[in-house]
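Notes for the one structure printed next.
Every chain is numbered from 1 and lettered A, B, ... according to where its sequence line falls, protein lines coming before strand lines. Only heavy atoms go into these numbers, but all of them, side chains included; no hydrogens, no water, no symmetry mates.
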Protein chains: 2
Amino acid sequence: MSSEVTEPGTGPTGAAPTLSEVAKRAGVSSITVSRVVRMPDLVAPETRARVEQAMRDLGYIPNLVAGALASARTNSVGVLVPTIANSIFADTVQGLSDKLEPLGFSVILAQSRYDASREDRMLAALLSRRPEAIIMVGSPATEEGTRLLRNARIPIVETWDLPANPIDAVAGFDNYKAGVAVAKHLVAQGRKQLAFIGGDDPRGTRRWFGFRDEALASGLAEPRRLILDRKDSGSVAAHARLPDVDAVFAANDAHAIGFMFGLRKAGLLRDGPASAQPVAVIGLGDLEMGRLISPTLSTISVHGDAIGRTAATLTLERGGERRIDLGFELVLRDSG
Amino acid sequence: MSSEVTEPGTGPTGAAPTLSEVAKRAGVSSITVSRVVRMPDLVAPETRARVEQAMRDLGYIPNLVAGALASARTNSVGVLVPTIANSIFADTVQGLSDKLEPLGFSVILAQSRYDASREDRMLAALLSRRPEAIIMVGSPATEEGTRLLRNARIPIVETWDLPANPIDAVAGFDNYKAGVAVAKHLVAQGRKQLAFIGGDDPRGTRRWFGFRDEALASGLAEPRRLILDRKDSGSVAAHARLPDVDAVFAANDAHAIGFMFGLRKAGLLRDGPASAQPVAVIGLGDLEMGRLISPTLSTISVHGDAIGRTAATLTLERGGERRIDLGFELVLRDSG
DNA sequence: TTGTTTCATGTTAGCGCTAACATGAGGCGA
DNA sequence: TCGCCTCATGTTAGCGCTAACATGAAACAA
């Protein structure tokens, strides 16, 4: 049982030590070392100790690339998000990776940046790494992307929405209904001139449709829709472009807070309850920040991390319900 | 030049088609297909067209796992962050992945959750996938982690700090100096009772030391230090635990904004300039939100995405300067 | 012509590991 | 005692691809 430590990580060639180098040092065959790494119970205690010592001596780190090729299991999951620099998707990635990492799965992360052709390229790039599942925010923007995923023969989880024809599994909520719920609430509050601010990505657009349809169904004029680019800054000035509006649904809390800031400057924000607000504001996402500002932000609360954890679960289990509606909640505070 | 499309993605065995299946269909050898994928210029146009048709017919997706094993190049980079659900690190991940993805590198993401043993486990997990570089926020918390990285013989980039003995490359800023800069500013403003709120992670602690040392050097009493857990909620109530304090440095903007909310409730926040504030508040991170609230938040601005892009560059270039100080900027607005 | 170069393509071996199937030693019931 | 089972370990082949080294045809200079 040698405990002499050679220059670690350095085989004869200066390359990382391999299974068979460990095997030679421990005086066993490669497969025994492999078993010590993966199924230690199958190896006699003394042999195991000898192998473990050899691994330590050499600073052996298993090569999962080779292991994956031999076993046809990569223990990895591909994750595609529009952007990670959006706390709401970051929560989802955190949720799923907290669930997957302890099980030995790695997360391969890719961003589409809301660009359909980049999305297709990233999807192909992910698939070429042979992940055991793919979790994405939303659904593929193109036919090509859909085709790629349908042919991949691995679990696919679409999140943050409830597509009518999912590729495989779904963990999300109904964005249309969220828009409806907000409009309903604003109408009940007696608001007359509604507006929607946010991006024109698929989910934002679905919220818009729900919002508009419900407003129209309630006999209001068609709400205005202001499409903002991804940078929040536009939201601050948004009010100037929406005169006479008395209620706004912002596609996310950051836009909502920016808009409120614009209202504050215009003297149209009260520290009182919703009923006192000249202009009602409802956000989506339920950022911590919304609870901290004044007036506190009313919002559609969505559990991004739960979406991630649920998606991870759908990834691991092939049977059972493949369409999970995690719902949303209209959280009413002081802004509207 | 057959254009008949067989059931895509389905070889004779129902498994994903391989290089040699494409080769057989195109009537060439495997290596020619491999060349079409990786070095199309080396292949005659007619042959290339034939191969590309065969790839399309079969729905061929190259297997990078096999390619990586054969070529000893994985085209992947391991990224370790404390948590991705923190917009500041998410910016860094976005920056580096925007730089790496177009070059064909994949990002393997892992989270330590500020847990040293999980960090070591994730580091080992990353290394076993043989990434061509590792980018991490901060430095390894343990000797073991440091050893693993030193022996890995790949570029290692530590970010968000400027460690004295880096493993390899560094892209960050001086957290100690940031603390000093804030204390200097508050002292110049005539503040007497300083306090620091934030976590006790390595970088937060470094900011604290700079802040404290400068306060002491200026003849002030030792500032108070309030250690908050990761959930912002504590910051709202923080004021109650810091009576008589007239200036606060918060380790991040979210804490700062929460603290300001507490001040607002206590009637200690003015909408006027910094000089009018009973209690000055300085944050760190320069969230968009800080510009939107009232009073606007003074903060140490750090470019998380630039850190990510710089780290990516350090990953690709072996020569040149390996220690890049991206600095920070004290942005003075109305809160302090 | 003859040798040399260039270009397009092929052959061979092996990356580091694991699945599947041996092998052989010891235990044990009848 | 024999046959059979269990347990620990080994042998063999191959995962899908690429590096490195052929090969052979056409092009071309001397």
Side-chain angles (χ1 to χ4, degrees), chain A residues 9 11-52 54-55 58-76 104 127-130 132, chain B residues 9 11-52 54-55 58-76 104 127-130 132:
Chain A
T13 61
T18 66
L19 248 199
S20 66
E21 283 167 38
V22 173
K24 193 185 297 173
R25 178 178 253 260
V28 297
S29 72
S30 318
I31 194 68
T32 299
V33 179
S34 178
R35 289 197 183 105
V36 169
V37 172
R38 298 177 304 132
M39 312 115 104
D41 292 351
L42 297 186
V43 179
E46 314 83 60
T47 313
R48 184 158 76 219
R50 207 147 28 91
V51 170
E52 282 166 346
M55 295 198 296
L58 295 174
Y60 174 67
I61 296 186
N63 184 332
L64 253 52
V65 176
L69 182 61
S71 67
R73 297 215 49 197
T74 56
N75 283 280
S76 65
L127 289 172
S128 68
R129 301 202 178 261
R130 299 292 188 269
E132 300 191 21
Chain B
T13 61
T18 66
L19 247 199
S20 63
E21 283 167 36
V22 174
K24 193 184 299 173
R25 177 178 255 262
V28 297
S29 71
S30 317
I31 193 69
T32 299
V33 180
S34 176
R35 288 199 184 103
V36 169
V37 172
R38 297 177 303 131
M39 312 115 102
D41 292 351
L42 297 186
V43 179
E46 314 82 60
T47 314
R48 185 158 76 218
R50 209 148 26 91
V51 170
E52 282 166 346
M55 295 198 296
L58 295 175
Y60 174 67
I61 294 185
N63 184 332
L64 254 52
V65 176
L69 182 61
S71 68
R73 296 213 53 196
T74 56
N75 282 279
S76 65
L127 289 172
S128 68
R129 299 197 180 265
R130 298 293 189 265
E132 299 191 21

Quick one: side chain to side chain contact (heavy atoms under 4.5 Å, CB included) partners of [X], sequence neighbours excluded?
X	value
B/Val37	B/Met55, B/Tyr60, B/Pro62
A/Ala72	none
A/Ala70	none

- Output all residues satisfying salt bridge (charged side-chain N to carboxylate O under 4.0 Å, His left out) with A/Arg73, sequence neighbours left out; order by chain, then residue number.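 With sequence neighbours excluded, A/Arg73 shows a salt bridge (charged side-chain N to carboxylate O under 4.0 Å, His left out) to A/Glu132, given in chain and number order.
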Under the side chain to side chain donor-acceptor pair (under 3.5 Å) rule, collect the residues that match up with [X], sequence neighbours excluded.
X	answer
B/Ser34	B/Arg38
A/Thr74	A/Ser76
A/Ser20	A/Thr18

Report task. Grab the CZ-P distance between A/Arg38 and C/dC17 for me, whole Å please. Result ->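 Answer to the nearest Å: 11 Å.
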Take the protein atom CZ of B/Arg73 and the nucleotide atom C1' of D/dA19, then report the distance between them rounded to whole Å.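 Atom CZ in B/Arg73 sits about 14 Å away from atom C1' in D/dA19.
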| task | Taking all heavy atoms of A/Val36 and all of A/Glu52, pick out the closest pair and write down the distance. | result |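 That closest heavy-atom pairing would be CG1-CG, 3.9 Å.
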In B/S/- notation (B base, S sugar-phosphate only, - none; protein heavy atoms under 4.0 Å), nucleotides 6-12 of chain C written 5' to 3' is --SBBB-
Worksheet entry | Five-pair end axes of the helix from C/dT1-D/dA30 to C/dA30-D/dT1 and the angle they enclose, rounded to 10° |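 The angle, to the nearest 10 degrees, is 40°.
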B/Val33 and B/Arg25, any side-chain heavy atoms less than 4.5 Å apart: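 A side-chain contact under 4.5 Å is absent here.
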Please list each protein N or O that sits under 3.5 Å from an N or O in nucleotides 13-16 of chain D, with the distance.
from   : atom 1 : to      : atom 2 : distance (Å)
D/dC15 : O2     : A/Ala70 : N      : 3.3
D/dG16 : N2     : B/Ala66 : O      : 3.3

Could you walk me through whether A/Val43 and A/Val51 satisfy the side chain to side chain contact (heavy atoms under 4.5 Å, CB included) test, starting with their C-alpha distance in whole Å, then the side-chain angles of each, then the deciding distance to 0.1 Å, before giving a yes or no?
CA-CA 10 Å; A/Val43 179; A/Val51 170; 5.8 Å; no
